[in-house]
Structures are given as structure tokens and as C-alpha cells.
There are 2 protein chains.
Amino acid sequence: MAESKVLSVLREPTLQTAANCVRQALAQHQCILLLGECEVEYHGRARSTLASGERIVLIKTDGAVLVHRPTGYEPVNWQPSDCRFRTRLENKSLIIDAVHSEPHESLSVHFANVAVFVAARLSDIGEFNLHVSEREMQQAVVAEPKLLLPDFRPISFEKQVEPGFIDVYGLDSEGRLVVVELKRVNAGRAAALQLSRYVAYVKTTTQKKIRGILAAPGLQRGTQKLLATLGLEYIHVDLERCARVVSSQKERKIVDFLM
Amino acid sequence: MAESKVLSVLREPTLQTAANCVRQALAQHQCILLLGECEVEYHGRARSTLASGERIVLIKTDGAVLVHRPTGYEPVNWQPSDCRFRTRLENKSLIIDAVHSEPHESLSVHFANVAVFVAARLSDIGEFNLHVSEREMQQAVVAEPKLLLPDFRPISFEKQVEPGFIDVYGLDSEGRLVVVELKRVNAGRAAALQLSRYVAYVKTTTQKKIRGILAAPGLQRGTQKLLATLGLEYIHVDLERCARVVSSQKERKIVDFLM
DNA sequence: TGCTAAATCTCGAAC
DNA sequence: GTTCGAGGTTTAGCA
């Protein structure tokens with residue numbers, strides 16, 4: 001823990017001190033954490049006001065701003081990256097304005113007091129990896145077609161047709177065309193209807209028998225009935241198996257598996 | 001600034017000290033801020049890993065967790081409210097597990113070091129007010145129909161028809177039926193096509209003349225031409241005026257304004 | 001409780 | 001640059 005690192009921590013600084021430190025940290029593009037009582041105003045794509053309360057304000061190195069209340073996932077107010085800042089003292093308040101262009105938006109935070117000020121230069125190059133995205137499901141199905149059907153032979157993926165992109169497209173053991181719509185989560189009516197549109201389109205292009213398959217870890221209520229009405233099928237896909245296939249095949253290119 | 005407030009700030013505590021303080025703060029449902037080098041793992045609706053780097057971790061009073069990198073709006077990892085926590089030391093790491101039920105998800109943050117620890121009981125009851133949502137645009141148009149057309153008489157709003165919900169539905173000065181699709185932002189092709197579906201549907205239910213109106217602060221490129229092709233109209237809506245109408249009418253119920 | 005639609009959605013990829 | 005679609009979307013409003 002060699003701490004030659006840039007890091008300032010102030011507990012209950014005066015507003016004047018806080019203002020100076022915020023200015024300096026902004027100039028050096030450090031990350032800033034402020035904990036204190038504040039009001040917030042926003043003008044831009046919408047408008048909002050937030051009455052006084054104790055919050056956590058985070059200003060990031062790219063000029064993004066987040067104002068967090070003590071509960072919940074979402075910031076109550078925020079500003080996207082690439083803001084320009086102005087910091088000033090006015091009427092016994094520390095005011096930080098964050099102004100964004102294109103679209104033009106402005107966020108104004110008025111601190112009545114600052115309980116904690118933290119500024120730091122953070123070094124973060126750690127890779128983030130999300131497993132089993134919809135794309136990876138697709139890769140898994142193309143790489144291991146038996147995840148879908150025994151003897152399924154994929155022909156293409158992300159095939160562009162008039163109504164959109166067919167996730168996976170191939171032939172079953174009896175030579176019928178198979179149109180597959182993949183969903184990473186339980187599939188609902190929208191997915192069934194989208195599949196239906198793809199199947200309808202493909203029917204106009206060939207004389208062959210066509211199967212429309214909605215492949216997902218599960219179905220939302222009522223979707224099974226809709227599929228039956230539309231003459232489509234549901235196939236359960238095991239996300240765990242997809243994840244294993246994807247990780248084991250990661251080095252190979254997806255296109256290698258096509259006919 | 002009477003500071004009898006609950007507030008702990010530690011700079012570069014040992015992991016043992018940090019662990020104790022985190023446990024205590026969690027037990028008291030305080031907000032916790034941690035700045036330090038960590039790795040993160042997530043299992044749940046998906047799976048993810050995040051390699052080592054310096055981040056800001058925020059644990060809120062309702063058991064929500066946010067892990068923020070030095071840039072961007074979104075947390076790289078998070079956990080929704082109502083988590084259960086476990087804090088422990090293992091292999092020279094401070095490990096904080098946040099486990100959520102329904103859906104079952106777990107987040108594990110491994111700190112190699114903690115640069116700053118902050119815990120505080122925050123008091124925040126300030127009211128948040130967002131002006132001019134799409135709903136409020138609707139209210140404004142129903143309350144002040146001349147925002148749309150002189151002598152426009154609204155009949156209903158959010159009227160359910162086969163293709164979906166018609167935002168506003170009414171009669172113009174010449175007794176023609178008016179179907180209105182509202183957009184809070186510049187309207188594009190999707191909005192025009194949706195309006196077109198509503199108008200097509202309404203035509204099947206009546207002999208009357210019908211006007212389809214896309215009402216928005218502006219149009220996206222190409223949408224004007226599409227509207228012309230579809231026989232629809234565009235009307236500019238002033239968001240400022242909507243905001244004023246909404247705020248001045250806020251105490252009245254929207255249904256009061258219907259015919 | 002479950003589903004639908006909106007969000008100051010954000011973010012990335014494709015065109 | 002713009003558009004399009006996905007997201008561990010989240011969140012709020014209703015049936």
C-alpha cells in the first residue's frame with residue numbers, strides 16, 4: 001500500500017475551504033466526493049428542483065456528476081460526462097454549477113454545509129466482463145447447435161430481412177428452415193410477435209416448410225398460448241450451459257461455426 | 001452547523017479497522033462510502049467479473065450498493081435495495097458480500113486496501129419535483145386544449161384501442177375527430193407510425209372525418225415527409241407553456257377537464 | 001403481484 | 001453524426 005497517491009480528505013471544512021479544494025480538484029480532473037446538506041436544480045431535457053437534504057455528490061474525472069439520496073439505485077439528479085464547472089460562494093452557500101452542451105443542460109448544487117470532502121486521482125484499468133449476454137447466447141447456439149435442437153444446422157446469425165434481424169437461421173434434422181428468436185430473459189408477447197413477423201417474411205421467400213422457434217430460459221405468462229395461436233414453438237435454453245459453451249469457445253471466431 | 005450528527009471518517013484504515021467500521025455502520029443502517037482498490041464479482045440475472053482497480057463504493061441505508069469507476073454515469077456493478085450483508089477478512093482482503101433475494105443475486109467486493117472510509121446517518125426528506133413529463137404534457141393539453149388547437153375539445157385521454165393507447169382524443173372546431181399522439185421530445189418515424197395505426201383503427205369505428213395529429217416540441221429529420229405521406233399533421237407544442245399550465249392546475253384533477 | 005410504458009434513461013454499435 | 005436496440009436496465013403506474 002504505497003500511498004504516494006493523490007488524496008485529500010477534509011472533515012467539515014468551511015465553505016470557503018471546500019470551494020477552494022473543489023476548484024483545485026476540478027482543475028486536476030480528480031474524482032470528488034462531497035457529503036453535505038444541499039439543494040439541487042436542473043434545467044435541460046426536463047426541469048427539476050430538489051429541496052434541502054443531506055446527500056452524497058460525486059463528480060467524476062470525465063465531468064459526470066451524480067447526486068445520491070440515502071436510498072435507492074438511481075441518482076436523484078445527475079449530469080452526463082463532459083461538463084464544464086463553475087464553483088462559487090453566494091449567500092453563505094457553496095454553489096457548484098455543472099453545465100453540459102449538446103444537449104444543453106445545467107445542474108446547480110447549493111451546499112449549505114459540507115460534512116466531508118474527498119478528492120482523489122483514481123487509477124482504474126481493470127477489465128469488466130459480463131457473461132451470457134444475448135450475443136453470447138447466440139454464439140453458444142451457433143457453436144453448439146444441440147443446445148437448441150438435436151441435429152440443428154445453423155446457416156447464419158443476425159440475418160437481415162425486411163422486418164429486422166433474425167437471431168439465428170438454419171435447418172433442422174428434416175431439412176426444414178428454422179427461424180430462431182433468442183431471449184436472454186423470459187420471453188413475452190413482443191418476442192413472439194417479432195418471431196411471427198420474421199417467419200411470415202421468410203415464407204414469402206421460399207416454398208420450404210418453416211419452423212419458428214422462440215428460444216429463451218422461460219416464457220412470460222400467456223406467451224405459450226400466443227405461440228400456439230401463431231403456430232410457433234418454444235424451446236427452453238439453459239443459460240448455464242450457454243455460459244460454459246461461450247467461455248470454452250471464447251478464442252474461436254463465431255463465423256467458424258457456420259455452414 | 002450544529003454537528004452532533006453521526007459521522008465517521010477514516011483515512012487509510014487497516015483492513016481490520018475498516019471491517020469493524022463497516023460492520024458497525026451496516027448494523028446501524030448508515031450510509032457508507034468506501035474508496036479503495038477492489039475486485040468485484042456478481043452472480044444473478046447475469047454474471048460478471050471486474051478486475052482490480054480503484055473505485056468508489058456506496059452502500060445506502062436501504063441496503064442498495066453502487067460500485068463506481070472514475071468515469072461515466074452508470075455504476076459498473078450494483079445491487080438493488082434490501083440486501084443482506086456479510087463482511088469478513090480473508091487472504092489480506094476485506095470482503096463485503098451483498099446478497100439479494102427475489103431475484104437471487106449476490107455481489108462480492110474484495111478490497112485490497114481502503115483509502116477512505118466514511119459512514120454517516122443522512123437525513124433527507126427534501127421534496128423532488130420533476131416538471132413536464134409526458135403525462136404532464138397530456139394533462140396540460142387536456143386542461144388547456146388551445147395549447148394544441150383553437151377550439152379543440154378533448155373527449156378522453158389514454159383511450160385504449162386495439163393497437164394501444166391513444167394519448168388524447170377529441171373534436172376540433174369543425175366536429176372532426178382528432179387523434180393526438182404526444183411526444184415530450186422531438187418525434188420520429190416511430191411516433192408517426194404509431195399515430196397512423198391509431199388513426200387507421202379509429203377509421204374502422206366511425207364514419208366521421210378524422211385528423212391524426214403528432215404533437216411534440218419538434219420533429220426528427222424525415223418525419224415531416226412521412227407524416228405527409230400518411231396524411232397526418234404535426235403541431236408544435238411549447239414545453240414551457242405546458243409546464244406553466246401544469247403547475248397552475250396542479251391541484252385540480254385531470255378528469256375535471258373532460259367533456 | 002405481475003405487466004406495461006416511460007426515463008433528463010445510458011451506452012454501444014452500425015449505418 | 002445519427003439511429004437503433006439492449007440493459008443485471010430502473011422506476012412508476014395500474015389491472
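All chains are named by letter (A, B, ...) in the order of the sequence lines, taking the proteins before the strands, and each is independently numbered beginning at 1.
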Less than 3.5 Å apart, which donor and acceptor atoms pair up between the side chains of residues 33-43 of chain B and the rest of the protein, not counting sequence neighbours?
unit_1	atom_1	unit_2	atom_2	d
B/Glu37	OE1	B/Asn113	ND2	3.4
B/Glu37	OE2	B/Ser52	OG	3.0
B/Glu41	OE2	B/His43	NE2	3.3
B/Tyr42	OH	B/Arg45	N	2.8
B/Tyr42	OH	B/Glu105	OE1	2.5
B/His43	ND1	B/Arg47	NH1	3.0

**Message:** Is there a side chain to side chain contact (heavy atoms under 4.5 Å, CB included) between A/Leu193 and A/Leu230? Walk through the geometry before answering.
**Reply:** CA-CA 8 Å; A/Leu193 293 169; A/Leu230 296 169; 4.2 Å; yes
**Asked** Does A/Arg84 CZ have over 12 foreign heavy atoms under 6.0 Å away?
**Response** no
**salt bridge (charged side-chain N to carboxylate O under 4.0 Å, His left out) evaluation trace for B/Asp167 with B/Lys183** = CA-CA 9 Å; B/Asp167 287 336; B/Lys183 283 292 153 198; 5.9 Å; no
**Request:** With C1' as the reference atom in both, quote the distance from D/dT10 to D/dA6 in angstrom, rounded to an integer.
**Result:** 14 Å
**Message:** Please give the distance between the C1' atoms of D/dG7 and C/dA6 as a whole number of Å.
**Reply:** 15 Å
**Fill in**
Once base and sugar-phosphate atoms are separated, protein heavy atoms under 4.0 Å mark nucleotides 6-15 of chain D, 5' to 3', with B, S and - as -SBSSS--S-
**Asked** By a strict heavy-atom criterion of less than 4.0 Å, which residues belonging to residues 50-69 of chain B are in contact with DNA chain D?
**Response** none
**A/Arg189: side-chain contact (heavy atoms from CB on, under 4.5 Å) partners, not counting sequence neighbours** = A/Leu226
**Asked** Among all residues two or more places apart in sequence or in another chain, which pass the side-chain contact (heavy atoms from CB on, under 4.5 Å) test with A/Phe165?
**Response** A/Glu158, A/Gln160
**Request:** For DNA chain C, note the earliest and the latest nucleotide, 5' to 3', having some atom under 4.0 Å of a heavy atom belonging to chain B.
**Result:** C/dA6 to C/dC11
**Request:** Before giving the answer on side chain to side chain contact (heavy atoms under 4.5 Å, CB included), spell out for B/Val178 and B/Ile210 the whole-Å C-alpha distance, their side-chain angles and the decisive distance to 0.1 Å.
**Result:** CA-CA 6 Å; B/Val178 179; B/Ile210 299 175; over 6 Å; no
**Sub-4.5 Å side-chain heavy-atom contact between B/Leu58 and A/His68** = yes
**Message:** Check this one for me: any side-chain N or O of B/Arg221 less than 4.0 Å away from OP1 or OP2 of D/dG1?
**Reply:** no
**Request:** For side chain to side chain contact (heavy atoms under 4.5 Å, CB included), just list the numbers for B/Val109 and B/Ile95, CA-CA rounded to whole Å, side-chain angles, deciding distance to a tenth of an Å, and then say yes or no.
**Result:** CA-CA 6 Å; B/Val109 185; B/Ile95 303 180; over 6 Å; no
**Asked** How long is the gap from CG on B/Asp97 to CZ on B/Arg86, to the nearest 0.5 Å?
**Response** 5.0 Å
